[in-house]
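Counting begins at 1 with the first residue of the sequence. Model, not experiment: these values are computed from the prediction.
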Amino acid sequence: MRISTILPSLVSAVVLVTTGVHTQAIPPASAPTFEPLFIGTFDVGDVETIQGPFGTRMHVAIPGGNLTDSAGKLVATALPSADNGLVGSNGRFYPDMVVPLRWEMDGKMAYMSIAGNGILGVTDLSYAHVETDSPTYKGLNDRFLVVNITFRGGVGVDPVWTIFGAL
């Protein structure tokens, strides 16, 4: 059989499949629901920058910080780390950081990676992934987490981070 005899039928089938199958609107999924898990503060140290092809790369020292529960009880201490984000040529800030944590309850460590976008020195919204072997907090390994970091006093001044977990 020659391709010239099969080709018109194949084209007709593709057109039918791509145009006529989904004639009804597909409703969107429900918006996810989150619960606040922790709130905390962190210190901001020296800032170093490099001009690159995509904007300004930033290396922001984070000497430490803390996380508390909703009652204000210390849950974890953030150990020294850094944010190696980018201020894009579009003016948006894209944080990219790893925060080592030490849980107060059992002294175990956690690795929390954070990446997102926002407005430098104002607020940014990020996805976070936690890895820990803490018996108390190992459930965070499988949770979808969102971090809102808000600077209450401008760039590098009085930052507060709130960590939310998807229900």
Side-chain angles (χ1 to χ4, degrees), residues 26 28-50 52-167:
I26 299 172
S30 299
T33 305
F34 292 89
E35 65 176 333
L37 300 176
F38 310 110
I39 188 167
T41 60
F42 58 92
D43 301 320
V44 177
D46 294 336
V47 177
E48 302 288 337
T49 62
I50 297 172
F54 305 110
T56 304
R57 282 272 170 209
M58 299 182 71
H59 178 81
V60 180
I62 301 173
N66 65 57
L67 285 178
T68 62
D69 61 16
S70 59
K73 180 181 174 191
L74 182 65
V75 173
T77 300
L79 302 178
S81 61
D83 184 345
N84 292 300
L86 171 75
V87 179
S89 55
N90 62 359
R92 298 291 291 179
F93 177 57
Y94 301 93
D96 184 11
M97 60 195 294
V98 172
V99 179
L101 299 169
R102 182 175 311 280
W103 300 114
E104 192 69 18
M105 175 80 70
D106 55 22
K108 296 283 191 172
M109 294 290 297
Y111 164 98
M112 182 169 57
S113 61
I114 300 172
N117 83 53
I119 302 168
L120 180 65
V122 179
T123 187
D124 52 74
L125 193 59
S126 301
Y127 164 74
H129 173 74
V130 171
E131 295 176 29
T132 184
D133 62 351
S134 167
T136 306
Y137 295 103
K138 68 182 179 182
L140 293 174
N141 293 335
D142 300 321
R143 297 275 311 259
F144 184 88
L145 303 173
V146 172
V147 180
N148 178 301
I149 300 175
T150 302
F151 292 84
R152 297 183 290 185
V155 177
V157 180
D158 202 13
V160 173
W161 49 338
T162 306
I163 301 174
F164 300 90
L167 292 175

Working for side-chain hydrogen bond (donor to acceptor under 3.5 Å, both in side chains), residues Tyr94 and Asn90:
CA-CA 11 Å; Tyr94 301 93; Asn90 62 359; 3.0 Å; yes
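- Distance alone, capped at 3.5 Å, is enough to place a donor-acceptor pair between the Arg102 side chain and the Gly107 backbone.
- With sequence neighbours left out, Thr49 forms a side chain to side chain contact (heavy atoms under 4.5 Å, CB included) with Val47, Thr56, Met58.
- Listed by first then second residue, pairs satisfying side-chain hydrogen bond (donor to acceptor under 3.5 Å, both in side chains) with a partner in residues 106-121 read Arg92-Asn117, Asp106-Ser134, not counting sequence neighbours.
- Every residue two or more places apart in sequence or in another chain that forms a side chain to side chain contact (heavy atoms under 4.5 Å, CB included) with Tyr127 is listed here: His129, Phe144.
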Take Ile62 and Phe42 through the test side-chain contact (heavy atoms from CB on, under 4.5 Å) and record every step on the way to the result.
CA-CA 7 Å; Ile62 301 173; Phe42 58 92; 3.9 Å; yes
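- Counting all heavy atoms, side chain and backbone alike, Pro63 lies closest to Pro80 at O-CG, 3.3 Å.
- Looking only at side-chain heavy atoms (C-beta outward), Asn148 and Phe34 stay at 4.5 Å or farther from each other.
- Within the 3.5 Å criterion, the main-chain N or O of Ile149 finds a donor-acceptor partner in the side chain of Thr123.
- Atom OG1 of Thr150 is separated from atom CG of Asp124 by 8.0 Å, given to the nearest 0.5 angstrom.
- In this structure a side-chain-to-backbone donor-acceptor pair under 3.5 Å is present from Asn141 to Lys138.
- From Leu167, atom CG reaches atom CD of Glu35 across 4.5 Å, with rounding to the nearest 0.5 Å.
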Go through it in stages, so that I can follow the logic: the residues are Val160 and Arg152, the test is side-chain contact (heavy atoms from CB on, under 4.5 Å), and I'd like the CA-CA distance, side-chain angles, deciding distance and then a yes or no.
CA-CA 7 Å; Val160 173; Arg152 297 183 290 185; 3.2 Å; yes
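- One finds the CG atom of Leu140 at 6.5 Å from the CG atom of Leu37 (value rounded to the nearest 0.5 Å).
- Remark: Ile50 CD1 is loosely packed, at most 12 non-hydrogen atoms of other residues, nucleotides or ligands lying under 6.0 Å away.
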Could you go through residues 64-76 and list every donor-acceptor pair under 3.5 Å that involves a side-chain atom there, pairing it with any protein atom two or more places apart or in another chain?
{"from": "Thr68", "atom 1": "OG1", "to": "Ile39", "atom 2": "O", "distance (Å)": "3.0"}
{"from": "Asp69", "atom 1": "OD1", "to": "Ala71", "atom 2": "N", "distance (Å)": "3.0"}
{"from": "Asp69", "atom 1": "OD1", "to": "Gly72", "atom 2": "N", "distance (Å)": "3.1"}
{"from": "Asp69", "atom 1": "OD1", "to": "Lys73", "atom 2": "N", "distance (Å)": "2.9"}

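- Taking the side chain to side chain contact (heavy atoms under 4.5 Å, CB included) definition, one finds that Pro100 meets it with Leu79, Ser81, Met109, sequence neighbours left out.
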Working for side-chain contact (heavy atoms from CB on, under 4.5 Å), residues Leu86 and Phe54
CA-CA 8 Å; Leu86 171 75; Phe54 305 110; 4.2 Å; yes
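- Applying the side chain to side chain contact (heavy atoms under 4.5 Å, CB included) criterion to Ala110, with sequence neighbours excluded, gives Leu101, Trp103, Val130, Thr132.
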